[in-house]
Amino acid sequence: MDKIQLTGIRCYGYTGFLPEEQVLGQWFEVDLTISLDLVAAGESDCIEHTLDYRGAIARVKEIVKTQKYALIEKLATAIAKTILELDKVEQVRVQLSKPAAPIPDFGGRITIDITRSNVMQS
């Protein structure tokens, strides 16, 4: 399956388990791997045959900036659901990171990595 990768989508949001995370906010970073059929786009050179990834980036930013959840797992799931609504998208992998989680004596990053697919029902 063909893929489009969008990396380093960085925006400020208000998701977190601690109350201050939902008030003060923090930075989030999102990487997407979007699976879709790119054969027609590769032959035609027409944007209509592919995903206009500007829309995907805008949707990610809107969700991170406006939604408040206790868990980043929920935020990652919300991002996956909205990307799957885009035309031609068959599957999406969302890697959502908190680069500066408010955990004492922890300087690393926390990343949730989920993959979701559009399931065809008959």
Side-chain angles (χ1 to χ4, degrees):
M1 189 177 307
D2 303 323
K3 297 178 181 359
I4 295 175
Q5 294 182 330
L6 306 174
T7 60
I9 304 168
R10 184 172 161 87
C11 44
Y12 205 81
Y14 299 89
T15 290
F17 181 72
L18 300 174
E20 57 268 24
E21 291 178 285
Q22 292 195 8
V23 173
L24 300 175
Q26 62 195 305
W27 286 101
F28 291 90
E29 293 178 2
V30 179
D31 296 334
L32 301 176
T33 302
I34 302 170
S35 301
L36 66 162
D37 185 347
L38 296 175
V39 172
E43 294 294 326
S44 70
D45 198 28
C46 292
I47 197 164
E48 294 82 18
H49 294 146
T50 189
L51 171 73
D52 185 345
Y53 45 79
R54 295 172 297 179
I57 293 167
R59 283 183 178 221
V60 169
K61 288 187 169 200
E62 179 71 16
I63 289 171
V64 172
K65 289 178 181 181
T66 63
Q67 301 301 309
K68 289 185 180 184
Y69 302 112
L71 302 177
I72 58 174
E73 291 86 344
K74 177 69 175 176
L75 180 58
T77 299
I79 291 168
K81 284 181 179 180
T82 195
I83 298 302
L84 286 171
E85 292 171 356
L86 296 171
D87 190 37
K88 299 178 185 57
V89 175
E90 298 174 20
Q91 181 173 292
V92 63
R93 178 181 181 194
V94 177
Q95 294 169 287
L96 171 66
S97 298
K98 282 173 119 172
I103 300 172
D105 297 321
F106 177 72
R109 72 176 38 233
I110 296 169
T111 301
I112 299 299
D113 187 336
I114 66 169
T115 301
R116 300 291 183 267
S117 299
N118 276 324
V119 178
M120 300 298 281
Q121 297 180 2
S122 47

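We're numbering straight along the sequence, starting at 1.
A continuous path of ILVMFWY side-chain contacts below 4.5 Å connects Ile110 to Leu96, so both sit in one hydrophobic cluster.
No more than 12 heavy atoms of other residues, nucleotides or ligands lie within 6.0 Å of NZ in Lys74, so this atom counts as exposed by the packing criterion. Around the CD atom of Glu43, the shell of radius 6.0 Å holds no more than 12 heavy atoms that belong to other residues, nucleotides or ligands. More than 12 heavy atoms of other residues, nucleotides or ligands sit less than 6.0 Å from atom NZ of Lys88. Atom OH of Tyr12 sits in a crowded spot, with more than 12 heavy atoms from other residues, nucleotides or ligands closer than 6.0 Å.
Phe28 is listed as a side-chain neighbour of Lys98, based on a closest heavy-atom distance under 4.5 Å.
Looking at Glu29, its side chain never comes within 3.5 Å of a backbone N or O of Thr7 through a donor-acceptor pair. Under a 3.5 Å cut-off, the side chain of Asn118 and the backbone N or O of Val89 do form a donor-acceptor pair. Here the side chain of Gln67 pairs no donor or acceptor atom with the backbone of Ile63 at under 3.5 angstrom. Gln22 places a side-chain N or O within 3.5 Å of a backbone atom of Gly16 that can act as its donor or acceptor partner.
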Would Lys81 and Arg116 satisfy side chain to side chain contact (heavy atoms under 4.5 Å, CB included), going step by step from the backbone distance to the final call? CA-CA 8 Å; Lys81 284 181 179 180; Arg116 300 291 183 267; over 6 Å; no
Test side chain to side chain contact (heavy atoms under 4.5 Å, CB included) on Arg59 and Leu86 and set out the steps. CA-CA 10 Å; Arg59 283 183 178 221; Leu86 296 171; 3.4 Å; yes
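Taking every heavy atom of both residues into account, Ser35 and Met1 meet most closely at CB-SD, 3.0 Å. Scanning both residues, Asp52 and Arg54, for their nearest heavy atoms gives OD2-NH2, 2.5 Å.
We find the CG-CD1 distance between Leu32 and Ile83 to be 5.5 Å, quoted to the nearest 0.5 Å.
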